[in-house]
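In what follows, a single structure is set out as structure tokens and then discussed.
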There are 2 protein chains.
Amino acid sequence: MRTRDDDLNKTRSATILSAAGDCFVRNGFHSTSMKDICSAAGMSPGTLYHYFRSKADIIAGIVEGERAATQLILSRLTDAPDFMQALFMALEALAGSITERDLILHAEVSAEVLRRPELRVRARAADDEARDWLAAAIAEAQASGELARVLSAHEAAVCVLALIDGMLWRATLHEASDLGERLEPLKQALTRLLAEGQVPR
Amino acid sequence: MRTRDDDLNKTRSATILSAAGDCFVRNGFHSTSMKDICSAAGMSPGTLYHYFRSKADIIAGIVEGERAATQLILSRLTDAPDFMQALFMALEALAGSITERDLILHAEVSAEVLRRPELRVRARAADDEARDWLAAAIAEAQASGELARVLSAHEAAVCVLALIDGMLWRATLHEASDLGERLEPLKQALTRLLAEGQVPR
DNA sequence: ACCTGAACACCGTTCAAGT
DNA sequence: ACCTGAACACCGTTCAAGT
């Protein structure tokens, strides 16, 4: 009997998640068999099941990766003096780093999230985390007078996240490549939505 | 050899789509077997395949139903004199008629749409149709001075649809029942986004 | 044309057996 | 502990046969 090897565990898990993600993007969740993932990851079914207890568990791993990535971008929001500028920089960072693979994988994962109650709870927690973080930054900018107080900080945060999500979904539907094109109108929309002292015309 | 019976065809198709929708909402697309749909619709596999050529073809039928429902709501936008009022009435009609079943089914269907190229093309066309219809109404209201011209009519239409979609997705994630709660902030957000002469504070 | 149900190739998952 | 691959129950789809 050997002892648990945490390093190997992490490496293998990462390999499996990456291989599975590639398969899901190429063929979709439905049409990807465990055998496909095994081939892509270079291991047998038994080994794969040693690291992930089910196909759904692999999705859970991908969801957690997305949550971490979102939190990383949002965490940079608070240390800028100008909220709108910080938000725009975050959007540009997002537009610069997000790939078509990420977008398709996200859509792929989204349906599975609603389907499985455990995933749904985790996704809800991740969304609340993002909303609260954004709301805190907005509340601060409202207090300083930079942002309008028409919407509460929480309501505004939900609108911002909803708007960005809706834009990302559309970018995915209409070829992900035109995300850059949508950035400028999105910025203008966010300004109108949030900023105090609206641009006239 | 009998001749084709269009009435029967329509009835049976509707039965199958409804039964399949129920199954998808209850157990998800993955975990619904054709046998499940057959049981729910009260027919044998052979019969089901006589009306729909594949499981994906059933999804296509559901997508078409969603497109028609969206277009019905949007078609009422043009005959009102006040755009914002018409938009709000459309939103209330949406909030009043859409059920948790619709929302979950929509999410279920969305992933499948990205997966299958034929579905993706159709969904894109449906989205363009909605955007163009909305953009035409916005352009008119911009011309009359009711709406601001900061965003082009098309850009504004995309933002409106994105915002609503993002809200609907969140309502689905956080129990669909709280859609009503989100209506008021959504209206305020849309006003700030679109209307000329912003509310101060 | 419309319908049945057995049959086909394949799926996610398990498990006895190896190192 | 880590890994293999055969085996199990089940899946989407087809098709010969009936009316």
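Chain letters run A, B, ... following the sequence lines, proteins first and then strands; every chain starts at 1. None of the values given here were measured: they were computed from a predicted structure.
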Complementary nucleotide for C/dC10 - Watson-Crick or wobble, under 3.5 Å: none
Rounded distance in Å - CG (A/Asp36) to C1' (C/dC10): 11 Å
Nucleotide nearest B/Pro45 when distance is taken to its side chain, options C/dA1, C/dT13, D/dT14: D/dT14
A/Ser44 side chain, from C-beta outward: closest of D/dG5, C/dC3, D/dA1: D/dG5
N-O pairing of B/Glu66 and B/Arg122 below 4.0 Å: no
Residue pair A/Ser54 / A/Met34: nearest heavy atoms and the distance that separates them: C-CE, 4.0 Å
Touch class at under 4.0 angstrom, heavy-atom based, for A/Phe52 against every strand present: nothing
Watson-Crick or G-U wobble partner of C/dC15, both distances under 3.5 Å: D/dG5
Integer-rounded Å distance: C/dC10 C1' and A/Lys35 NZ: 9 Å
Note: B/Arg131-B/Asp128 ion pair, threshold 4.0 Å (strictly below): yes
5′-ward residue of the pair A/Met43/B/Thr32 relative to DNA chain D: A/Met43
Distance in angstrom units between B/Met34 CE and C/dA7 P, rounded: 21 Å
Sugar-phosphate, base or nothing in reach of B/Ser33, heavy atoms under 4.0 Å: sugar-phosphate
Nearest-Å distance for atom pair NE2/P, residues A/His30 and C/dG12: 11 Å
Any A/His50 side-chain nitrogen or oxygen under 4.0 Å from OP1 or OP2 of D/dC3: no
Length of the CG-C1' vector between A/Asn27 and C/dC11, whole Å: 15 Å
Minimum-distance nucleotide (side-chain atoms of B/Tyr51 versus C/dG5, C/dC2, D/dC3): C/dC2
N-O pairing of B/Lys55 and B/Glu112 below 4.0 Å: no
Separation of C/dT14 P from A/Leu48 CG (nearest whole Å): 12 Å
Spacing between B/Leu8 atom CG and D/dT19 atom P, to the nearest angstrom: 19 Å
Under-4.0 Å salt bridge between B/Arg26 and B/Asp36: no
Whole angstrom value for the distance that separates P of C/dT14 from OH of A/Tyr49: 7 Å
Short side-chain N/O contact from B/Arg12 to OP1 or OP2 of C/dC3, under 4.0 Å: yes
